[in-house]
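Scroll down for the structure; my scribbles are underneath it.
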2 protein chains.
Amino acid sequence: MVAARNDSPPTAEGLLLERFLPYRLNMLGTTVSQSFARLCARRFNIALPEWRVVALLGQRGRLTSKAIGTRCAMHKTMVSRAVGELERRRLVEREANPADKREVFVALSAAGEAIYAEIIPLASAYSERLTAGLSDEDRAVLDRLIRQLHDRARQIAPPDPQA
Amino acid sequence: MVAARNDSPPTAEGLLLERFLPYRLNMLGTTVSQSFARLCARRFNIALPEWRVVALLGQRGRLTSKAIGTRCAMHKTMVSRAVGELERRRLVEREANPADKREVFVALSAAGEAIYAEIIPLASAYSERLTAGLSDEDRAVLDRLIRQLHDRARQIAPPDPQA
DNA sequence: TATTGTTATACTCTATAACTATA
DNA sequence: TATAGTTATAGAGTATAACAATA
């Protein structure tokens, strides 16, 4: 156990880097994300952007690239590359929307559905292990705090309003 | 308001990306970190790695590059570049350790101390705004959960054990 | 004119490898 | 041999700008 690590109060200067919430949230987010990314890489040889697209398509069925980007907060360039890579590996199929040929529908192939079926238990198990020590109330508070802090951060310094 | 966004329960498939904790923690960490980074860039024209080094040296006094890396979880190449940039801007000074000339002590210059004195209120104010809506109990739970989840994530898939 | 999507390019942060100079 | 630190290079992930095709 390393329980005593962060228990010291702030110094007279008013701030300790290791107790600074933005720093800690950033460390937590990257640590969790990278540890999950390692599992995905080992088991499926798949990177996180591709993982997100597979997870999304598995839930939602076919979607346009734009809808993928909106739903998992990925830039359209990243979506384009992730979908391209998944298509190269025959995990998704693309089909132009006849009603608007600018759009392309993306959907899991049979092989993609098979990967999805493996991905879900892996992700669920990871999430379960991650939160194994938490009470029901802990989970409820965590759920609420993530949303509150996320909204707050965007209020304080929104991502380049008029760029 | 977008309050209803995350309130739906998991589907029959067992997972919704936007309710998947690793995904949410990653989004939260990057959103908070980037919003704080924007403030630092606007006010001090300083990037996050440099900010971390200044904050650390302001607290701890002079440190070797290795100690900086250990204390704020930065790779030695990143420390080297951040310290180099800060030295170029005359915010830190370097001095070889006479007792072991491989090591270099890094310390804030007078100008660096001045920046540090401005950085602390900015950071404190940011943290205050970020957590403005939280009760004392919320804060205590958040503090504990960050540590628990961080430790858990590293237990589940440690960063390349034998690389 | 505006929008979907692709490509080229660049920037940030992270990481590996090769190197130096010490020890 | 091993360590502190630098540099070159490469890899994610994110972003802007220019573009083609379509509306």
Side-chain angles (χ1 to χ4, degrees), chain A residues 22-23 26-27 29-31 33-38 40-41 45-53 62-70 72-88 92 94-106 158-163, chain B residues 22-23 26-27 29-31 33-38 40-41 45-53 62-88 92 94-106 159-163:
Chain A
Y23 173 77
N26 188 39
M27 298 299 292
T30 59
T31 300
S33 192
Q34 283 171 9
S35 93
F36 181 66
R38 275 190 292 273
C40 289
N45 189 31
I46 201 172
L48 279 193
E50 285 79 30
W51 184 88
R52 287 181 181 180
V53 171
R62 76 177 190 179
L63 293 171
T64 65
S65 289
K66 183 177 178 65
I68 293 170
T70 301
C72 57
M74 280 166 62
H75 197 270
K76 65 177 181 173
T77 55
M78 194 72 254
V79 174
S80 179
R81 279 183 205 105
V83 169
E85 170 66 14
L86 290 170
E87 188 182 40
R88 198 186 62 73
V92 303
R94 286 198 258 206
E95 183 187 6
N97 178 3
D100 182 345
K101 289 184 189 158
R102 291 173 305 184
E103 291 187 332
V104 180
F105 286 122
V106 185
D160 282 330
Q162 68 282 29
Chain B
Y23 173 77
N26 188 38
M27 297 299 291
T30 59
T31 300
S33 192
Q34 283 172 9
S35 93
F36 181 66
R38 275 190 290 274
C40 289
N45 190 31
I46 202 173
L48 278 194
E50 286 79 29
W51 183 88
R52 287 181 181 178
V53 171
R62 74 177 191 179
L63 293 171
T64 65
S65 287
K66 183 177 176 66
I68 292 170
T70 302
R71 285 194 180 275
C72 56
M74 280 166 61
H75 197 269
K76 65 177 183 173
T77 55
M78 194 72 254
V79 174
S80 178
R81 279 184 205 106
V83 170
E85 171 66 14
L86 290 170
E87 187 182 41
R88 198 185 63 71
V92 302
R94 286 198 257 207
E95 184 187 4
N97 178 4
D100 183 344
K101 289 182 188 158
R102 291 174 304 185
E103 291 187 332
V104 181
F105 286 122
V106 184
D160 281 329
Q162 69 281 25

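Quick note on labels: first sequence line is chain A, next is B, and so on, each numbered from 1. Source: prediction; values computed, not measured.
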Shortest side-chain distance from A:T77, nucleotide among D:dT16, D:dG5, D:dA18:
D:dT16
Rounded to the Å, how far apart are A:F105 CZ and C:dG5 C1'?
14 Å
Closest-nucleotide mapping onto DNA chain C: is A:V83 or A:Q34 further toward the 5' terminus? I mean the 5' end.
A:V83
Rounded interatomic separation in angstrom, taking CZ from A:R38 and P from D:dA12
14 Å
Heavy-atom pair with the smallest gap, counting every atom of A:F36 and A:L48:
CD2-CD2, 4.0 Å
Whole-Å gap separating P (C:dT9) and NE2 (A:H75):
17 Å
For atom CG of B:L48 and atom P of C:dT12, their distance in whole Å:
11 Å
Winner on side-chain proximity to A:R102, out of D:dG5, D:dA21, D:dT7, is D:dA21
Which heavy-atom pair separates A:M74 from A:P49 by the least distance, and what is that distance?
CE-CB, 3.9 Å
Whole-Å distance, B:D100 CG to C:dT20 C1', equals 14 Å
C:dT6, OP1 or OP2 - any side-chain N/O from A:R94 closer than 4.0 Å?
yes
Nearest heavy-atom neighbours spanning B:C72 and B:R52
O-NH1, 3.8 Å
When you get a sec, tell me which of C:dG5, C:dC13, D:dG5 is the closest nucleotide to the side chain of B:M78?
C:dC13
Picking from D:dT7, C:dG5, C:dC13, which would you name as closest to the side chain of A:T64?
C:dG5
Let me know the distance between CD of B:E50 and C1' of C:dT14, rounded to the nearest Å.
14 Å
Using heavy-atom distances to pick each residue's nearest nucleotide on DNA chain D, tell me which of A:K101 and A:R52 is more 5'.
A:R52
Selection from D:dT14, D:dT6, D:dT7 that lies nearest to any side-chain heavy atom of B:R81:
D:dT7
Side-chain N or O of B:K66 versus OP1/OP2 of D:dA4: is the shortest distance under 4.0 Å?
yes
Interatomic distance, CE@B:M78 vs NZ@B:K76, rounded to 0.5 Å, equals 14.5 Å
To the nearest Å, how far apart are B:E85 CD and D:dG5 C1'?
18 Å
Heavy-atom nearest nucleotide on DNA chain D taken for B:V79 and for B:N26; more 5' hit belongs to B:V79
Whole-Å distance, A:K76 NZ to D:dA20 C1', equals 12 Å
Atom OG1 of B:T64 and atom CZ of B:F105: how far apart are they, to the nearest 0.5 Å?
7.0 Å
